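The structure under discussion appears below in the form of structure tokens.
Hydrogens, waters and symmetry mates play no part in the numbers below; they use all other heavy atoms, side chains included. Numbers restart at 1 for each chain; the letters A, B, ... are given by sequence-line order, proteins then strands. Worth saying up front: this structure is predicted, and the values here are computed from it rather than measured.
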There are 2 protein chains.
Amino acid sequence: MLSQTVEYALRAAVYLANQAPQARTTEQIAEVTKVPQAYLSKVMQNLAKAGIVRSQRGIHGGFLLARSSAELTILEVVNAVDPVQRIQTCPLGIAAHGSNLCPLHRRLDLALAAVENAFGKTTLADVLSEPTRSVPLCGMTIPAGAACIPLDLASPAPGNAT
Amino acid sequence: MLSQTVEYALRAAVYLANQAPQARTTEQIAEVTKVPQAYLSKVMQNLAKAGIVRSQRGIHGGFLLARSSAELTILEVVNAVDPVQRIQTCPLGIAAHGSNLCPLHRRLDLALAAVENAFGKTTLADVLSEPTRSVPLCGMTIPAGAACIPLDLASPAPGNAT
DNA sequence: CGATTAAAGGACAATCTTGTCCTTTTTTGG
DNA sequence: CCAAAAAAGGACAAGATTGTCCTTTAATCG
């Protein structure tokens, strides 16, 4: 239900939030978040256009959050790449009589509204500071026992980095 | 966020719920719900495989709800054609350590759970009996003022029907 | 039985999403 | 100024979703 692109954008955003205020290259982000690099590049462009991140070319360039992680919500990230589309009018043919949805579509829209609301209330900082032992973005090879590892431990391949 | 196929399946299901216990042909359903007929045919096949509707070939055949509209939830319809995919494991690479999601994916899954829950609680009967003047499935040419018309008024083109 | 009706199913086309590759532009450091 | 680094952007390929068309199978009625 959430697109692949949304998933990727969120991974990147959370990673950048964790690494703030430092810039990270597409290559670095791709490696840690396990997103296909060339595709991630496009996703990052969208995040940049939407003002979520700022991009910087050249040496020591990369991407960094445009605003504080406490001000950036998951919803903004989602909407930057694949907007949550609320149902404005009954989707059958004509019907654009304001916000007068039929029961079916009102229910559907209510669910979308709930998602929108939950996402809008959650900032990237919230995600990072969640009171739990598992930390955002998981899945790397780890000591077995912990399900996730902190992002800042997930350094982009020791040795070949800058 | 909800696929086109889900939208179509729900329209058809609500229509059949309204018309129960009578069978309706793909042609009739397609006309009222404004779904491309040939595609609807595939969608109905999925609903039939999932036991949501029963199909009947030949003269006086068509589709009808397999169970009472009070027992069929929106969720079942959705899951029959395009399942709500909860996040079971952190989607990064390996990581299948049970249900130990990182904060990001826990949040996302929570939103999915809310949708699943809302859909699971809503039966087709609920949708039909909503206390409102607008009635499920709308969008036909109407007296202007009402945003929707009852399904049973939306007869499949008077004149060329059976 | 035979004609008609309608779903089932296969093949295929159009479109959108996702993913890859390569060139161009900008920035920085020496 | 020059070389290297890194984003921007274009072109294109693979895959999934959506949509169309036609043939086959099953059911009903006369």
Side-chain angles (χ1 to χ4, degrees), chain A residues 1-12 16 19 22-66 78 80-83 85 91 156 160-162, chain B residues 1-12 16 19 22-66 78 80-83 85 91 156 160-162:
Chain A
M1 260 189 40
L2 299 170
S3 73
Q4 199 62 30
T5 304
V6 160
E7 166 73 27
Y8 292 165
L10 285 172
R11 285 188 207 171
L16 286 184
Q19 303 287 302
Q22 287 160 40
R24 288 290 176 254
T25 68
T26 304
E27 192 184 356
Q28 289 174 318
I29 303 170
E31 180 157 9
V32 173
T33 62
K34 304 255 202 267
V35 175
Q37 176 173 338
Y39 189 63
L40 177 62
S41 168
K42 311 289 186 186
V43 175
M44 296 311 296
Q45 279 179 48
N46 286 330
L47 290 181
K49 274 177 207 155
I52 309 284
V53 302
R54 269 179 302 152
S55 69
Q56 174 70 16
R57 294 187 182 189
I59 293 176
H60 300 144
F63 295 92
L64 52 93
L65 283 198
V78 170
V81 296
D82 188 6
Q85 299 222 21
N160 55 9
T162 309
Chain B
M1 261 191 37
L2 299 172
S3 73
Q4 198 62 30
T5 303
V6 160
E7 166 74 25
Y8 292 165
L10 285 172
R11 284 188 208 171
L16 286 184
Q19 301 286 304
Q22 288 161 40
R24 288 290 177 253
T25 67
T26 304
E27 191 185 356
Q28 289 174 318
I29 303 169
E31 179 157 10
V32 173
T33 62
K34 304 255 203 262
V35 174
Q37 177 174 336
Y39 189 63
L40 177 63
S41 169
K42 312 287 188 188
V43 176
M44 297 311 295
Q45 279 178 48
N46 286 331
L47 291 182
K49 275 178 206 153
I52 308 285
V53 302
R54 271 181 299 154
S55 68
Q56 173 69 17
R57 294 187 183 190
I59 292 176
H60 299 144
F63 295 91
L64 53 93
L65 283 198
V78 170
V81 296
D82 189 5
Q85 300 221 22
N160 55 10
T162 308

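- Nearest nucleotide to the Ala38(A) side chain, out of dC21(C), dG19(D), dA8(D): dC21(C).
- Val35(A) and Arg11(A) get closest at one heavy-atom pair: CG2-NH1, 4.0 Å.
- For the residue pair Met1(A) and Leu2(B), the shortest heavy atom distance occurs at SD-CD2, 3.8 Å.
- Gln37(A) has its CD atom 13 Å from the P atom of dC22(C), to the nearest Å.
- In this structure, Ile29(A) atom CD1 and dA7(D) atom C1' are separated by 11 Å, rounded to whole Å.
- Taking side-chain N and O atoms only, Tyr39(B) has no distance below 4.0 Å to OP1 or OP2 of dT17(D).
- The side chain of Gln56(B) places an N or O atom within less than 4.0 Å of a non-bridging phosphate oxygen (OP1 or OP2) of dT28(D).
- Proximity of His60(B) to the phosphate of dC29(D): a side-chain N or O atom is located under 4.0 Å from OP1 or OP2.
- A donor-acceptor contact under 3.5 angstrom links the side chains of Asp82(B) and Ser3(B), judged on distance only.
- Protein atom CE of Met1(B) is 16 Å distant from nucleotide atom P of dT17(D), rounded to whole Å.
- No hydrogens or angles were tested; on distance alone, nothing pairs the side chain of Arg57(B) with the base of dT5(C) as donor and acceptor under 3.5 Å.
- Residues Met44(A) and Leu16(A) come closest through the heavy atom pair CE-CD1, 3.8 Å.
- Residue Ser41(A) places no side-chain N or O under 4.0 Å from the OP1 or OP2 atom of dA8(D).
- One can place CG of Leu40(A) at 14 Å from P of dA6(D), the figure rounded to the nearest angstrom.
- Going from atom CG of Leu47(B) over to atom P of dA7(C) covers 13 Å, rounded to whole Å.
- Residue Gln4(B) places none of its side-chain N or O atoms closer than 4.0 Å to OP1 or OP2 of dT17(D).
- Atom-to-atom, CD of Glu31(A) to P of dA6(D) comes out at 13 Å; the value is rounded to the nearest Å.
- One atom, CG of Leu2(B), and another, P of dT18(D), lie 11 Å apart when rounded to the nearest Å.
- At least one donor-acceptor pair under 3.5 Å links the side chain of Gln28(A) to the backbone N or O of Thr25(A).
- Nearest heavy atoms, Thr26(A) versus Gln37(A): CG2-O, 3.6 Å.
- Distances shown here put every side-chain N or O of Tyr8(A) at or beyond 4.0 Å from the OP1 or OP2 atom of dT18(C).
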B/S/- contact track for nucleotides 10-16 of chain D, protein heavy atom under 4.0 Å: BB-----
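- Projected onto DNA chain D by closest heavy-atom contact, Ile59(B) and Phe63(A) fall at different nucleotides, the more 5' of which corresponds to Phe63(A).
- Closest heavy-atom contact between Ala80(B) and Asn46(B): O-CB, 4.0 Å.
- Note on Ser55(A): a side-chain N or O is less than 4.0 Å away from OP1 or OP2 of dA8(D).
- For the pair Arg54(A) CZ and dA6(D) C1', the computed distance is 17 Å after rounding to whole Å.
- In terms of heavy atoms, Ala9(A) sits closest to Leu47(A) at O-CD1, 4.1 Å.
- Remark: Thr25(B) is not in phosphate contact with dA6(C), judged by side-chain N or O atoms under 4.0 Å from OP1 or OP2.
- Close to dA6(C), at under 4.0 Å from its OP1 or OP2, lies no side-chain N or O of Thr26(B).
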